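Keep in mind the model is a prediction, meaning the values are calculated, not measured.
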Number of protein chains: 2
Amino acid sequence: MAIESSAATAGESAPGCPDDLAYDVFARECPSREALKHITDRWGSLTLGALLDGTFRFNELRRRVEGVSEKMLAQTLHALERDGLVHREAQQSNPPRVDYALTPLGNQVARQLRLLIDLVEDRMPQVLAAREHYDARHTAG
Amino acid sequence: MAIESSAATAGESAPGCPDDLAYDVFARECPSREALKHITDRWGSLTLGALLDGTFRFNELRRRVEGVSEKMLAQTLHALERDGLVHREAQQSNPPRVDYALTPLGNQVARQLRLLIDLVEDRMPQVLAAREHYDARHTAG
DNA sequence: CTGCATCCCTGATGATACTG
DNA sequence: CAGTATCATCAGGGATGCAG
């Protein structure tokens, strides 16, 4: 886990990206691809979506994101925290209590993501219809 | 590859989903999760994004989505076509020519996805700064 | 050019057990 | 409760070869 100095402070060029100030996800190796991946991957998207509803403790989140394992939730939260999307607040109590919430940046991203999720959920009947049609054509014909 | 009859035509309940008319991605097994996955996964998101610029042939797409292999692009296009997001038009010519384009539904989804991608690209400096900060705290102590 | 099939490897994911 | 560590598994993904 090497810590490479990155062009964070100013608008310097990023390794693998087309040019200064540009973070094109379509370009290989561009760090924006990795960030997008954290946001959109299986558990990242659901975790961000869940946190849009408020602040939650670890196990509360686990219950909200159905099917996520302990390990994957921890891993997902770490990645999102590192990317500055999630804020982690641990209290030194017994039993321990840790709260997770979106940062302002995380909130922006999660809301944009939410719009996409809502759209997909809303259009599911169309998607399912398309699948039936596709499957019918690719078995009979 | 079994073809299960799905509730596509009307607003009937979907297997694994909370109730009729609802396609909650947070629920296990809900088909909306699978659809969202096709849209947001590594190559799906980039392919949809690329098709937002117009109609392309297979190898044109391959060049646009840097780093995608033949296999994965084909697989991705199939999934998106089956979900009704991408339209495939094959011409019986020699050499063969196949054009891929977004369907109206695919266009809606891709545009919503684009907004998310644009946001992420735009905020990359913040993300990279957050990573530096996080890494600094988690090594020094 | 399009694109399917096959082999193979790595990384992602899950179940379980253990620690503070 | 909130994780971490370990091991087993499986899907994702790349390389190659072949067919229309």
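Residue-environment remark: CZ (A:Arg111) stays at or below the threshold of 12 foreign heavy atoms within 6.0 Å. The number of heavy atoms from other shown groups lying within 6.0 Å of CZ (B:Arg82) is above 12. Summarising the local packing, CD of B:Gln91 is surrounded by more than 12 heavy atoms from other residues, nucleotides or ligands at distances under 6.0 Å.
B:Phe56 has its CZ atom 16 Å from the P atom of C:dG3, to the nearest Å. Remark: P of C:dC1 and CG of B:Leu61 are 14 Å apart, rounded to the nearest angstrom. Rounding to whole angstrom units, CG of residue B:Asp99 and P of C:dG3 are separated by 10 Å. The CG atom of B:Leu73 sits 13 Å away from the C1' atom of C:dC1 (whole-angstrom rounding). Between the CD atom of B:Glu81 and the P atom of C:dT2 there is a distance of 15 Å, rounded to whole Å. A:Leu77 places its CG atom 14 Å from the P atom of C:dT13, with the value rounded to the nearest Å. Atom CD in A:Gln91 sits roughly 17 Å away from atom C1' in C:dG20 (whole-Å rounding). Across the protein-nucleic acid pair, B:Glu89 atom CD and C:dG3 atom P stand 12 Å apart, rounded to whole Å.
A sub-4.0 Å separation between OP1 or OP2 of D:dC1 and a side-chain N or O of A:Asn94 is absent. The phosphate of D:dG3 (OP1 or OP2) has a side-chain N or O of A:Tyr100 nearer than 4.0 angstrom. For the pair A:His78 and D:dG3, the criterion of a side-chain N or O lying under 4.0 Å from OP1 or OP2 is not met. Distances shown here put a side-chain N or O of B:Arg57 below 4.0 Å from the OP1 or OP2 atom of C:dT2.
Sequence order on DNA chain C of the closest nucleotides to B:Ala74 and A:Pro95 puts B:Ala74 first from the 5' end.
Distances were taken from every side-chain heavy atom of B:Asn59 (C-beta onward) to each of D:dA2, C:dC1, D:dC1; the shortest belongs to C:dC1.
Contact of the A:Phe58 side chain with the A:Val98 side chain is not registered, since no non-hydrogen atoms from C-beta on lie closer than 4.5 Å.
Using modelled atom types and a 3.5 Å distance limit, the side chains of B:Asn59 and B:Arg63 yield no donor-acceptor pair.
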note = B/S/- along nucleotides 9-20 of chain D (protein heavy atoms under 4.0 Å) is ---SBBB-B--B
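Of the possible donor and acceptor atoms, none in the side chain of A:Thr55 sits under 3.5 Å from a partner among the backbone N and O of A:Asp99.
The residue A:Arg62 sits apart from the nucleic acid: no heavy atom pair falls under 4.0 Å.
A salt bridge does not link A:Glu66 to B:Arg33: none of the charged side-chain nitrogens sits closer than 4.0 Å to a carboxylate oxygen.
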